[in-house]
Amino acid sequence: MKQKGFQLQYHMMLIPGICFLIVFSILPMFGIVIAFQKFIPARGIAGSPWVGLDNFIYMFQIPDSRQIFLNTIVIAVSKIAMNLVVPLLFALLLNEVRLKWFKRTIQTMVYLPHFLSWVILASMFKVNIFSLEGVINRGLEWIGVEPILFMASNFWFRPIIVATDVWKEFGFGTIVYLAAITSVSPVLYESAVIDGATRVQRIRYITLPGIAATIVLLGTLSLGNVLNANFDQIFNMYNSLVLETGDIIDTYVYRSGLMAAKYGLATAVGLMKSVVSFILIVMSYSLAAKFANYRIF
Amino acid sequence: MVISRKLSDRMADAAILLILALAALVCILPILNTLAVSLSDKAKAEAGLVLFWPIDVTFASYEKLLSDQLFFNSFWISVKRVVVGGTLNMLLCIVMAYPLSKERKAFRARNLYMWFILFTMLFSGGLIPWYILITRLGLIDSFWALILPGAVSVFNVILLMNFFRGVPKELEEAALMDGAGPWYTLWKVYVPVSLPAIATITLFTAVGHWNSFFDGMILMNKPQNYPLQTYIQQLIVNTNLQNISDPELLRKLQEISSRTFNAAKIFVSMIPILMVYPYLQRFFITGIRLGAVKE
């Protein structure tokens, strides 16, 4: 057929975008060699001396790196767990509401934080919510508890990070669950009601099994985020007093690489993260394809 | 469903409504608090007396903000990046999604391209090589540094590609019968029937551009080149708290910056999002279903 000539036009459509990807995604990958060099900016990648695995050996020797990997995983895994469970509970509750306008108003309110940036939210939280004069300490004062310097406390930092992340995302997370709940056959609920099933029994024996596949799929796909503790959030909320519990891989790479000019070390740490994340994502996709028949394309 | 409702059932209903209402309230209280602080008397706000209702209402912060040139300069840069960046993103997204939505029979190199873009999405060289590249390209302190590096969002391409695949084949066949080529088919058949999906992705792209601060922070050295989020980040969040090791000092520094003025800035920077939010909400539910949980 004349479709032969189309091939060329298809290529033409892809080429501009592919060029952007080659320049801004592929070229930096060659920069990975910096991880094996003592990089000197003035001499460039070609002229900097090679040091083999020194940067990696150094990375495993300094106590910081153990701490940042631990912090990253603890924060990321807590977020993954909470962001699976809280939206599920919220969607189940929301599904019980029969008043259309009420449901819609609630949805409008809980989806909103997802669209606000962490810069803005961190400013709000740090200055007006968790500060000494903030809303939370006002509340504590009211019930007679001593004020707490939340943002400088290694005890409170991680819970605050996880809680504010859940606060931002749980509403948006309910969308997927609500979509899954609507696809459960109404006939099942009707016959359950006739059989005298209680509300809790309906949720336990119809809704949950009906959306189990979705829950498993979301859980599997979030495996790729085990090393993603969210730079934007933590960078805007942490300070030097909470590095012990709050410093993550991405913030460490930023500080050591762009602030302290330890290019080799920062690239090595970043490379570790890229490689492990890549493996995790490929694993999660193939698990999802195998057990949930999920295809991204 | 007609069911006789017992008292215990109605109590449970009331409890559910209460829990949901409280949760929803918690979602918007920090925003209300910011608005209340921005409208309050300075001294009252500094003392932390303002909760969710302004005390001694005054527009002083907003008046002061009107004469803050750097703020509006940054605001304008953000508007520009949303318009220019958003347009470029969408054009590239549409022209890439179309050929990739073809079967391998119709476009032989399709899978090769697919694996390539997927690889660029899943693996990255990391921050440092990326930063060095942008420096070498001479993009530091250039507006284009905020636009070009993120011009292709592979995630959005895949989203739109999946949507294009759901477009009935008959539409394309009819266009082909009439002698239309790929470009014509894309603009006259695929784009018009995919407008809801394109609108969704456009809005998300625009919000993404509006909200990003990191590229502005590391790629712009001069404050007059900062986009709005970077400006706010440098001003409020990053008051050099990184280098402080004394809790008392930290507390004092937090107090120096004027609460009411900062709150006004935060609130004004939220206004564009709040304005597009009703439209966003109408579209994004379809958008989410496009990408997530299919089949």
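All values below come from the heavy atoms of this structure, side chains included, with hydrogens, waters and symmetry mates left out. A, B, ... follow the sequence lines: proteins, then strands. Residue 1 opens every chain. What you are looking at is a predicted structure, and each value in this text was computed from that prediction instead of being measured.
- Heavy atoms closer than 4.5 Å to chain B are found in both the backbone and the side chain of A/L258.
- With a threshold of 4.5 angstrom between heavy atoms, A/F231 approaches chain B through side-chain atoms but not through N, CA, C or O.
- Taking the six-membered ring for Trp and thresholds of 30 and 60 degrees, A/F278 and B/F119 have ring planes more than 60 degrees apart, a perpendicular arrangement.
- How far OG of B/S153 is from CZ of A/F20: 13.5 Å, rounded to the nearest 0.5 Å.
- With a 4.5 Å cut-off on non-hydrogen atoms, A/V275 touches chain B through its backbone and its side chain both.
- Both the backbone and the side chain of A/L116 have a heavy atom closer than 4.5 Å to some heavy atom of chain B.
- For the atom pair A/I45 CD1 and B/L133 CG, the distance stands at 9.0 Å (nearest 0.5 Å).
- Two residues are said to be in side-chain contact when any heavy atoms from C-beta on lie closer than 4.5 Å; A/V135 and B/F52 meet this criterion.
- Looking at heavy atoms from C-beta onward, B/P30 lies in side-chain contact with A/W167 at the 4.5 angstrom threshold.
- Looking at B/L137, only its side chain comes within 4.5 Å of chain A, counting heavy atoms on both sides.
- Heavy-atom distances place no part of A/D250 under 4.5 Å from chain B, backbone and side chain included.
- Contacts between B/L139 and chain A at a heavy-atom distance below 4.5 Å involve the side chain alone, from C-beta outward.
- Although no hydrogens or angles enter the test, the distance criterion places no donor-acceptor pair under 3.5 Å between the side chain of B/R259 and the main chain of A/N128.
- The closest side-chain heavy-atom distance from B/I132 to A/I34 is below 4.5 Å.
- Here the straight-line distance linking atom CD1 of A/I281 with atom CE of B/M121 works out to 7.5 Å at 0.5 Å rounding.
- With chain A as the partner, the residue from B/I19, B/N33, B/V207 showing the most heavy-atom pairs under 4.5 Å is B/N33.
- Put simply, CD on A/Q9 and OH on B/Y184 are 14.0 Å apart, with the number rounded to the nearest 0.5 Å.
- Heavy atoms of B/L186 lying under 4.5 Å from chain A belong exclusively to its side chain.
- For chain A, no part of B/L91 is nearby; none of its heavy atoms comes within less than 4.5 Å.
- Checked against B/I128 for a side-chain contact (heavy atoms from CB on, under 4.5 Å), the options A/T267, A/V269, A/I32 give a single hit: A/T267.
- Taking a 6.0 Å sphere around CZ of B/F155, one finds it holds 12 or fewer heavy atoms contributed by other residues, nucleotides or ligands.
- The two residues A/S117 and B/Q229 come nearest to each other via the heavy atoms OG-OE1, 2.6 Å.
- In this structure, the portion of B/L88 lying under 4.5 Å from any heavy atom of chain A is its side chain and not its backbone.
- Comparing B/G126, B/P278, B/G150, B/P149 by heavy-atom pairs within less than 4.5 Å of chain A, the highest count is held by B/P149.
- Put simply, the side chain of B/D13 never gets that close to the backbone of A/V97: no donor and acceptor are under 3.5 Å apart.
- In this structure, B/F123 and A/S274 have side chains that are in contact, with non-hydrogen atoms separated by less than 4.5 Å.
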As a quick check of understanding, evaluate side-chain contact (heavy atoms from CB on, under 4.5 Å) for A/F24 and B/I134, giving each step before the final call.
CA-CA 8 Å; A/F24 292 106; B/I134 306 280; 3.9 Å; yes

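- Contacts with chain A were tallied for B/P182, B/A24, B/P99, B/G125; B/P182 has the most, counting heavy-atom pairs under 4.5 Å.
- Both the backbone and the side chain of B/W183 have a heavy atom closer than 4.5 Å to some heavy atom of chain A.
- Of the atoms belonging to B/Y98, it is side-chain heavy atoms, and not backbone ones, that fall under 4.5 Å from chain A.
- Inter-residue side-chain proximity for B/L49 and A/E133 is flagged as unmet; no heavy-atom pair is nearer than 4.5 Å.
- With A/E96 as reference, B/I16 is the one residue of B/I16, B/L20, B/L17 to meet the side-chain contact (heavy atoms from CB on, under 4.5 Å) rule.
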Check the pair B/F204, A/F115 against ring-ring contact (aromatic ring centres under 6.0 Å, His included), reporting the backbone distance first and the verdict last.
CA-CA 9 Å; B/F204 273 90; A/F115 295 96; 5.8 Å; yes

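- Neither the backbone nor the side chain of B/V157 comes within less than 4.5 Å of any heavy atom of chain A.
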When you look at A/I120 and B/I273, which way does the side-chain contact (heavy atoms from CB on, under 4.5 Å) test go after all the steps?
CA-CA 12 Å; A/I120 286 180; B/I273 299 277; over 6 Å; no

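- The shortest heavy-atom contact between A/P28 and B/P129 is O-CB, 3.2 Å.
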Let's go through B/Y277 and A/T108 carefully: what are the C-alpha distance in whole Å and the side-chain angles of both, what is the deciding distance for side-chain contact (heavy atoms from CB on, under 4.5 Å) to 0.1 Å, and is it a yes or a no?
CA-CA 9 Å; B/Y277 182 61; A/T108 303; 3.7 Å; yes

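- Between A/S123 and B/N262 the shortest side-chain heavy-atom distance does not fall below 4.5 Å.
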Please determine whether ring-ring contact (aromatic ring centres under 6.0 Å, His included) holds for the pair B/F214 and A/Y254, giving the CA-CA distance in whole Å, both sets of side-chain angles, and the decisive distance to 0.1 Å.
CA-CA 11 Å; B/F214 187 64; A/Y254 170 77; 5.8 Å; yes

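- The side-chain heavy atoms of B/R108 and A/Q7, taken from C-beta on, include a pair separated by under 4.5 Å.
- Here the CG-CE distance, from B/L92 to A/M13, works out to 12.5 Å after rounding to the nearest 0.5 Å.
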Apply side-chain contact (heavy atoms from CB on, under 4.5 Å) to the pair B/L274 and A/L112, showing each step before the final yes or no.
CA-CA 8 Å; B/L274 297 176; A/L112 180 60; 3.9 Å; yes

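- Among the candidates B/F267, B/F213, B/W130, the residue making the largest number of heavy-atom pairs closer than 4.5 Å to chain A is B/F213.
- Both the backbone and the side chain of A/P16 come within contact range of chain B, with heavy atoms under 4.5 Å apart.
- Both the backbone and the side chain of B/I266 come within less than 4.5 Å of a heavy atom of chain A.
- Proximity to chain B is absent for every atom of A/L121, based on heavy atoms less than 4.5 angstrom apart.
- Residues B/D9 and A/R199 approach most closely at O-NH2, 3.1 Å, considering heavy atoms.
- Between the CG atom in B/L176 and the CZ atom in A/F6 there is a gap of 5.0 Å [rounded to 0.5 Å].
- A 4.5 Å side-chain heavy-atom check between B/V152 and A/I18 finds every atom pair outside the cut-off.
- B/A12 touches chain A through backbone and side chain together, each having a heavy atom under 4.5 Å away.
- Checked against the 6.0 Å centroid criterion, the rings of A/Y263 and B/Y131 do not qualify as a close aromatic pair.
- Proximity to chain A involves both the backbone and the side chain of B/A21, based on heavy atoms less than 4.5 angstrom apart.
- For the salt bridge (Lys or Arg N to Asp or Glu O under 4.0 Å) test, residues two or more places apart in sequence or in another chain that qualify with B/E172 are B/K102.
- For A/L93, the parts sitting under 4.5 Å from any heavy atom of chain B are the backbone and the side chain alike.
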